[in-house]
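Accompanying notes for the structure given below.
Read the numbers this way: they start at 1 and go in the same order the structure lists the ligands and their atoms. The analysis underlying the following values was restricted to heavy atoms, covering all of them including side chains, and did not include hydrogens, waters or symmetry mates. One-based numbering along the sequence shown. Keep in mind that what you see is a predicted model, and the values were worked out from it rather than measured.
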Amino acid sequence: MDTILVVNAGSSSVKFQVFAVDGEGRLHRQLKGQMDGIGSRPRLRASGINGDAVAERAYPIEAVPDVPAAMAVAGAWLRDEVRMTPMAVGHRVVHGGPDYDAPVLVDHAVVARLERYAALAPLHQPHNLAPIKSILANFPALPQVACFDTAFHRDHPDVADVYAIPYRLHEEGVRRYGFHGLSYEYIAKTLPECAPEIASRRVIVAHLGSGASMCALSGGRSIENTLGFTALDGLPMGTRPGQLDPGVVLYLMSAKGMTATELQNFLYKECGLKGLSGISNDMRELQSSQDPRAAFAVEYFVYRVGLQAGMLAAALQGIDAFVFTAGIGENSAPIRARVAEKLAWLGVSIDAGANAAHALKISGPASSVPIYVVPTDEERMIAEHT
Ligand code: AMP
């Protein structure tokens, strides 16, 4: 059977999945794995269709110093031991800039263009592009497709995507892009099957994971998103602050003498749930902690989800449904219940039993806005595009 390899490369790990394509073009997940600890304690782990481990090995640090080396090791394992020769490779690329509103077949010119957007996503884009470049160099005939986290939001009206700064900066690319687009696109595509009654309506989707954002869907299209120029805006996240007055950044520079590099590290890695609680970036740990600062971080998260839902409801001029997805949204019944309390002013109420059971529909019969839980699958979306 033909197969498609999906690659999601970060700074210290390369995640991959393999999908088989049957005669009717349907995708079947075969394998899920990752090379992590790149440059520190490299490890290859992979599991098969039923979650059974098919690889678990460690490598010396010199063998896997960077992302291209990790891609080479994982690729050799897939080729020589799993005996897989993909017909194409799909990549997650965080930034498609202002122009790409759909996935693109990659060649050298496309790579050069995507490299220009590295300044807009310095922590992600270079790592996303590294495996593309190494495959392009070693297997030039293998088709590769770049799938962007920004593309799904490119339909937004201008008024949603500008900042109130001189317009020439907007034209240079300083604007709101929005992220988690592959997740929202998957949800928009899945709703007609799992919840057709809301698929064409006004829906707020809350992607609540280590990275968190919300998207306003109207008729299955994104009209507004809580993330902006970078993935720092909007909701508080595991280690990112979410919405922050830029005056705070000016203060950190002028009063604390922080450099651009220190600020970048601070904003991406030291804030959010981790910074606020002083305990952890992991929602599970915070929920099981007795420390009042953990409880406060959780309350802050829930409060901000409620606030930003109000903003998106205004963008949609009303709301017909609310959907939870991603790690926290799919798995934490207590957080869902607390978010629903923040939406009580809209007439929302939860069915406690359905919520505890992680049912598709978790709102009670009296709820004026139905609430759903829909698991996301960004890798499948990438495979489908590819
Ligand atoms: P993601 O980035 O989508 O993989 O989501 C990761 C986040 O989901 C982490 O903060 C986890 O703590 C959180 N998470 C996963 N399972 C649960 C759960 N059962 N309860 C609360 N949070 C969870």
**Request:** Name the closest protein heavy atom to atom 13 (C) of ligand 1, giving the residue it belongs to and the distance to 0.1 Å.
**Result:** Ile328 CG1, 3.5 Å
**Item:** Tyr303 atom OH: more than 12 heavy-atom contacts under 6.0 Å
**Value:** no
**Request:** State whether the shortest distance between N or O atoms of Gly327 and N or O atoms of ligand 1 falls below 3.5 angstrom.
**Result:** yes
**Prompt:** If we only count N/O pairs under 3.5 Å, is Met283 in contact with ligand 1?
**Reply:** yes
**Complete:** protein heavy-atom neighbour closest to atom 12 (O) of ligand 1 works out as Asp282 OD1, 2.4 Å
**Prompt:** Between atom OG1 of Thr230 and atom CG of Leu120, what is the distance when rounded to the nearest 0.5 Å?
**Reply:** 9.5 Å
**Prompt:** Under 4.0 Å from ligand 1, counting heavy atoms only, is it the side chain of Gln287, its backbone, both or neither?
**Reply:** side chain
**Request:** Give a yes or no answer on whether the side chain of Asp351 reaches the backbone of Ile362 with a donor-acceptor pair at less than 3.5 Å.
**Result:** no
**Request:** Could you say whether the N/O atoms of Arg284 and ligand 1 ever approach to under 3.5 Å?
**Result:** yes
**Request:** Any atoms of ligand 1 less than 4.0 Å from a non-hydrogen atom of Gly209? List them with their elements.
**Result:** 1 (P), 2 (O), 3 (O), 5 (O)
Tabulate below the donor-acceptor pairs under 3.5 Å that side-chain atoms of residues 106-116 make, not counting sequence neighbours, or state none.
unit_1: Asp107; atom_1: OD1; unit_2: Ala109; atom_2: N; d: 3.1
unit_1: Asp107; atom_1: OD1; unit_2: Val110; atom_2: N; d: 2.8
unit_1: Arg113; atom_1: NH2; unit_2: Asp99; atom_2: OD2; d: 2.8
unit_1: Glu115; atom_1: OE2; unit_2: Lys133; atom_2: NZ; d: 2.5

**Asked** Pick from Glu378, Gln30, Arg29: which one makes a side chain to side chain donor-acceptor pair (under 3.5 Å) with Gln17?
**Response** Arg29
**Message:** Can you confirm whether the side chains of Arg336 and His358 place a donor and an acceptor under 3.5 Å from each other?
**Reply:** yes
**Item:** For atom 6 (C) of ligand 1, closest protein heavy-atom neighbour
**Value:** Ser210 OG, 3.4 Å
